[in-house]
Enquirer: 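Sending over a structure as structure tokens; questions will come in a sec.
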Amino acid sequence: MPDAPALSFVIPCYNESGNLPELVRSLRDVADGLKLTYEFVVTDDCSRDDSWAVLQQLAAADPRVRGQRFARNCGQSAALWAGMKAARGQVIVTLDADLQNDPKDLPRLLEPLRQFDCVCGSRVQARRQGDTWLRVASSRIANAVRNTVSGETITDSGCNYRAFKRECVADLKFFKGMHRFLPTLLKIEGFTVTEVSIANNPRFAGQSNYGVWNRLFASFGDLLAVRWMKRRMFKLPIAERIN
Ligand code: UDP
Ligand code: MG
């Protein structure tokens, strides 16, 4: 097995054949500019288009492109989680496959890792650039509800452009829908989390997988579970130790 790379790009993929070549090309440009060693870990969430065939071609041309394919569609969280488990890098960078997350923002996400365990992208300042008003409004409401209920302050919990040290997720329990709560779950575990402002591009190709309904309401049960966990998890107040 080759040496572990410094960085793993972990990418969930559902019907993204029109995006994968450009995504890999532009991430490679940025990461090469930073003189990083890296790999791509793409989890094909049982796409119905030819994403898997495209991935095979990309991997044949560059062995740093790694892929795995689900036998059935399991959702974005599962695809992210499978990618994190397969990742070999010391730092994991998660991002969407559709180039809405801009590869050029990579340095902004990596820089604060000197002081923090996890850096989350926030699209709040750039929101109107790449989204319809309906998406902006539903995301704003979803964030406000999530933060109020879970006592969180993160401004854009739906953004999956994040960089974190691999220890952050080594012992984490992942569940369906939890990609929206990763910052909170990491804080519960005692990791430090910060946010940086990032761009928000329009989709390069293909279609969004979410409507207003699942953006706003589908995660409400998960939100209550996260609130419960936050309140009930032990925070062991050890004052002194002997030996
Ligand atoms: N995705 C996935 N499985 C799904 C739905 C989405 O792996 O069942 C991936 C998708 O390919 C993309 C990311 O999750 O890389 C975010 O999806 P999308 O761009 O549709 O979400 P939006 O930007 O509209 O919130
Ligand atoms: Mg998208």
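Both counts, for ligands and for their atoms, begin at 1 and track the order of listing. All figures in this text were calculated on a predicted structure; none of them were measured in a lab.
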Enquirer: Taking only heavy atoms of Asp96, which atoms of ligand 1 are found under 4.0 Å from at least one of them?
Expert: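 Numbered from 1, ligand 1 contributes 13 (C), 15 (O), 16 (C).
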
Enquirer: Within the 3.5 Å criterion, strictly below it, is a donor on Asp29 or Ser26 matched to an acceptor on the partner's side chain?
Expert: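 No pair is found: no donor N or O on one side chain lies under 3.5 Å from an acceptor on the other.
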
Enquirer: Could you go through Asp98 and Asn19, starting from their C-alpha distance and side-chain angles, then the distance that decides it, and tell me whether this counts as side-chain hydrogen bond (donor to acceptor under 3.5 Å, both in side chains)?
Expert: CA-CA 6 Å; Asp98 57 5; Asn19 293 314; 5.9 Å; no

Enquirer: How long is the span from the CD1 atom in Ile11 to the CZ atom in Arg66, to the nearest 0.5 Å?
Expert: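 Rounded to the nearest 0.5 Å, the CD1-CZ separation comes to 12.0 Å.
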
Enquirer: For Arg162 and Asn160, run side-chain hydrogen bond (donor to acceptor under 3.5 Å, both in side chains): C-alpha distance rounded to whole Å, both residues' side-chain angles, the deciding distance at 0.1 Å, then the answer.
Expert: CA-CA 6 Å; Arg162 300 177 178 128; Asn160 275 279; 3.1 Å; yes

Enquirer: For ligand 1, note which part of Asn209 has a heavy atom under 4.0 Å away: side chain, backbone, both or neither.
Expert: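 The answer is both, backbone and side chain.
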
Enquirer: I'd like to check whether Gln100 has a polar contact with ligand 1, where a contact means an N/O of the residue lying under 3.5 Å from an N/O of the ligand.
Expert: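 Gln100 vs ligand 1: N/O contact under 3.5 Å present.
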
Enquirer: State whether Arg108 and Glu111 are salt-bridged, where the test is any N-O pair (Lys NZ or Arg NE/NH1/NH2 against Asp/Glu carboxylate O) under 4.0 Å.
Expert: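 So Arg108 does not pair with Glu111 through a salt bridge.
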
Enquirer: Out of curiosity, does Val10 fall in the hydrophobic cluster containing Phe70 (side-chain heavy atoms, cut-off under 4.5 Å, transitive links)?
Expert: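 No, separate clusters.
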
Enquirer: Between Ser208 and ligand 1, which part of the residue brings a heavy atom under 4.0 Å of the ligand: side chain, backbone, both or neither?
Expert: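 Both the backbone and the side chain of Ser208 come within reach of ligand 1.
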
Enquirer: Rounded at 0.5 Å granularity, tell me how far CG in Leu113 sits from SG in Cys118.
Expert: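 Leu113 atom CG to Cys118 atom SG measures 8.0 Å (nearest 0.5 Å).
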
Enquirer: Looking at Asp45, which atoms of ligand 1 are within less than 4.0 Å of one of its heavy atoms?
Expert: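 Answer, ordered by atom number: 2 (C), 3 (N), 4 (C), 7 (O), 8 (O).
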
Enquirer: Would one find an N, O or S atom of Gln100, in either backbone or side chain, under 2.8 Å from the Mg ion (ligand 2)?
Expert: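 It does: Gln100 brings an N, O or S atom closer than 2.8 Å to the Mg ion (ligand 2).
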
Enquirer: How about Tyr14 and Gln76: does a side-chain donor come under 3.5 Å of a side-chain acceptor?
Expert: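 Result is no, nothing qualifies.
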
Enquirer: Just give me the atom name: the N, O or S atom of Asp98 closest to the Mg ion (ligand 2).
Expert: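 Looking only at N, O and S atoms of Asp98, the one nearest the Mg ion (ligand 2) is named OD2.
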
Enquirer: Does an N or O anywhere in Ala79 fall below 3.5 Å from an N or O of ligand 1?
Expert: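 In fact, backbone or side chain, Ala79 has no N or O that close.
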
Enquirer: Heavy atoms only: which of Arg203, His179, Arg123 is nearest to atom 18 (P) of ligand 1?
Expert: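 Going through Arg203, His179, Arg123 one by one, Arg203 has the nearest heavy atom to atom 18 (P) of ligand 1.
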
Enquirer: Under 4.0 Å, heavy-atom basis, I'd like to know which part of Glu16 is in contact with ligand 1: side chain, backbone, both or neither.
Expert: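 The side chain, only.
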
Enquirer: Which atoms from ligand 1 have a heavy atom of Cys13 less than 4.0 Å away?
Expert: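 Result: 7 (O), 11 (O).
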
Enquirer: Is the contact between Asn73 and ligand 1 made by the side chain, the backbone, both, or neither, using heavy atoms and a 4.0 Å cut-off?
Expert: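 For Asn73, only side-chain atoms sit under 4.0 Å from ligand 1.
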
